[in-house]
**Q** 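Have a look at this one.
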Amino acid sequence: MEWLVSSIGAGLVMLTLRDLFHTLWHPTHHGGLSRLVMTAMWRLARRSRSRRRVVGLVGPLAMVTVVCMWAFTIVIGWAIVYWPHMPDAFAFSPGSEAAQEPALLDSLYLSLVTVATLGLGDIAPGDGWLRVVSPLEALVGFVLLTATVSWVLEVYPALTRRRVLAIRLALLRDSDPAPEQIDCTAGALLLDGLATEVVRVRIDYTQYAEAYYFHDGEDRSSLASTVGFAVTLARRGQASQRPDVRLAGDLLAGALNDFAELLDERFLHTGGTTTEVFAAYAADHGRDLAKP
């Protein structure tokens with residue numbers, strides 16, 4: 001029975017590590033606990049009366065919530081591993097009253113101290129296998145801290161790339177280039193550059209799906225609001241008389257279609273055309289899509 005309880009705790013830890021691994025290093029379209037938390041918080045924020053203010057906090061709060069969830073389940077999981085063997089399989093420092101406390105409380109205390117790598121030493125594992133397992137928890141705690149820092153440092157550059165593309169499209173929309181300005185070598189380079197940036201954002205959404213749940217503030221920095229003009233530019237390029245411009249227009253149109261397919265598959269589930277998906281994307285972020 002003791003080993004069955006410990007196995008349940010070990011299983012909880014493994015599930016948490018699996019979710020951490022799939023969220024940070026090997027994202028899949030199936031999602032996990034972290035994706036469920038972020039999606040639930042996003043939907044709740046969209047239904048709030050103070051939607052604009054609340055939605056802006058969803059991304060950062062969701063990341064904090066997910067990290068706390070990981071830490072909590074790891075601490076609980078390891079406490080369950082220790083619990084059936086407490087206090088017989090552990091050594092207590094002289095004068096410590098920890099052995100007089102409930103076994104579950106001591107297990108939680110030991111797990112929390114170990115995962116935080118504090119190493120207070122008033123409770124130490126005595127059995128051989130526990131002396132191996134306990135340092136492993138400290139190692140997992142270090143991995144969790146490192147992964148959290150890496151996650152933040154990777155997500156925010158992705159947000160920057162998305163917002164740079166949005167502002168560039170907003171500036172192009174304001175200048176509204178004439179057909180003859182697109183129908184030239186500079187126009188081909190412009191469309192090709194936009195296609196490259198769209199592909200980068202598409203890859204960012206594949207690798208860091210949580211970036212979707214970050215609000216972009218003003219309309220000019222929101223890709224959900226400005227991506228419609230990229231469709232307009234792609235159509236102008238495809239209608240050009242120059243083959244290099246038509247090729248660049250096709251590349252941009254293909255990149256936009258691929259991006260829309262990813263958005264629909266992972267987040268929106270409309271089953272519609274590229275334009276319909278982008279309209280749903282804008283609506284989901286509380287924006288009005290620029291008409292292509």
Side-chain angles (χ1 to χ4, degrees), residues 1-28 30-38 40-41 57 59-156 208 210:
M1 186 62 181
E2 292 180 352
W3 289 105
L4 177 60
V5 175
S6 295
S7 298
I8 293 174
L12 186 60
V13 172
M14 293 303 295
L15 284 174
T16 304
L17 293 178
R18 179 190 179 279
D19 188 66
L20 189 151
F21 175 76
H22 279 285
T23 300
L24 271 66
W25 297 301
H26 189 263
T28 65
H30 298 293
L33 292 176
S34 57
R35 180 72 63 79
L36 290 176
V37 169
M38 290 186 167
M41 293 183 66
L57 298 174
L61 285 179
M63 290 185 71
V64 171
T65 301
V66 169
V67 171
C68 290
M69 178 190 70
W70 286 337
F72 176 78
T73 51
I74 286 174
V75 169
I76 292 296
W78 238 284
I80 294 174
V81 171
Y82 299 143
W83 182 26
H85 312 280
M86 184 73 68
D88 298 336
F90 293 85
F92 297 83
S93 60
S96 173
E97 297 182 359
Q100 301 175 11
E101 300 292 337
L104 180 58
L105 181 61
D106 281 343
S107 300
L108 284 171
Y109 167 74
L110 176 61
S111 180
L112 186 58
V113 168
T114 305
V115 81
T117 66
L118 293 177
L120 298 181
D122 51 342
I123 303 178
D127 285 0
W129 71 275
L130 284 171
R131 297 178 68 180
V132 175
V133 168
S134 186
L136 284 177
E137 182 182 9
L139 181 61
V140 169
F142 180 74
V143 168
L144 178 60
L145 175 62
T146 305
T148 300
V149 174
S150 300
W151 196 21
V152 173
L153 293 178
E154 290 169 348
V155 166
Y156 278 90
Y208 312 112
E210 57 277 4

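Treat the numbers as computed from the prediction; the structure is a model and nothing was measured.
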**Q** What distance do Tyr109 atom OH and Thr114 atom OG1 have between them, rounded to the nearest 0.5 Å?
**A** 9.0 Å
**Q** Determine whether Trp78 and Leu12 make a side-chain contact, defined as any pair of heavy atoms from C-beta on separated by less than 4.5 Å.
**A**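 Heavy-atom side-chain distance check fails, nothing below 4.5 Å.
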**Q** Report yes if some heavy atom in the side chain of Met41 is under 4.5 Å from a heavy atom in the side chain of Val37; otherwise report no.
**A** yes
**Q** Under the side chain to side chain contact (heavy atoms under 4.5 Å, CB included) criterion, do Val66 and Thr23 qualify, and how do the steps go?
**A** CA-CA 10 Å; Val66 169; Thr23 300; 5.5 Å; no
**Q** Could I get the full list of ring-ring contact (aromatic ring centres under 6.0 Å, His included) partners for Trp70, not counting sequence neighbours?
**A**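 Expected list: Trp151.
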**Q** Test of understanding: with ring-ring contact (aromatic ring centres under 6.0 Å, His included), list the residues that count as partners of Phe142, not counting sequence neighbours.
**A** none
**Q** I need the minimum non-hydrogen distance between Val81 and Ser6, along with the two atoms involved.
**A**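 Reported closest heavy-atom pair: O-OG, 3.0 Å.
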**Q** If we only count heavy atoms from C-beta on, is the Met69 to Thr16 side-chain gap below 4.5 Å?
**A** no
**Q** What are the two closest heavy atoms between Val75 and Leu108, and how far apart are they?
**A** CG1-O, 4.4 Å
**Q** Indicate yes or no for a side-chain donor-acceptor contact from Ser111 to the backbone of Ser107 under 3.5 Å, with no hydrogens or angles considered.
**A** no
**Q** Between Ser134 and Leu130, is there a donor-acceptor pair closer than 3.5 Å when you use the side chain of the first and the backbone of the second?
**A** no
**Q** Do you know the tightest heavy-atom contact between Asp106 and Phe92?
**A** OD2-CE2, 4.2 Å
**Q** Looking at every non-hydrogen atom in both residues, tell me the closest pair between Val140 and Leu17 and how far apart they are.
**A**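 Smallest interatomic distance, heavy atoms only, reads CG1-CD2, 3.9 Å.
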**Q** When rounded to the nearest 0.5 angstrom, what distance separates CE in Met63 from OG1 in Thr148?
**A** 8.0 Å
**Q** Let me confirm one number: the OH-CD distance from Tyr82 to Glu137, rounded to the nearest 0.5 Å.
**A** 4.0 Å
**Q** Measure the OG1-CZ distance between Thr65 and Phe72 for me, rounded to the nearest 0.5 Å.
**A**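 One finds 13.5 Å between OG1 of Thr65 and CZ of Phe72.
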**Q** Of the non-hydrogen atoms in Ile74 and Val13, which two are nearest, and what is the gap between them?
**A**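 In terms of heavy atoms, the two residues are closest at O-CG2, 4.1 Å.
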**Q** Out of curiosity, Leu36 CG to Asp19 CG, how far, rounded to the nearest 0.5 Å?
**A**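 Reported to 0.5 Å precision, the distance equals 8.5 Å.
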**Q** Which atoms form the tightest heavy-atom contact between Tyr156 and Pro60, and what is the distance?
**A**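 Between these two residues, the closest heavy atoms are OH-CG, 4.0 Å.
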**Q** Say you draw a straight line from CD of Glu154 to CD of Glu210; how long is it, rounded to the nearest 0.5 Å?
**A** 9.0 Å
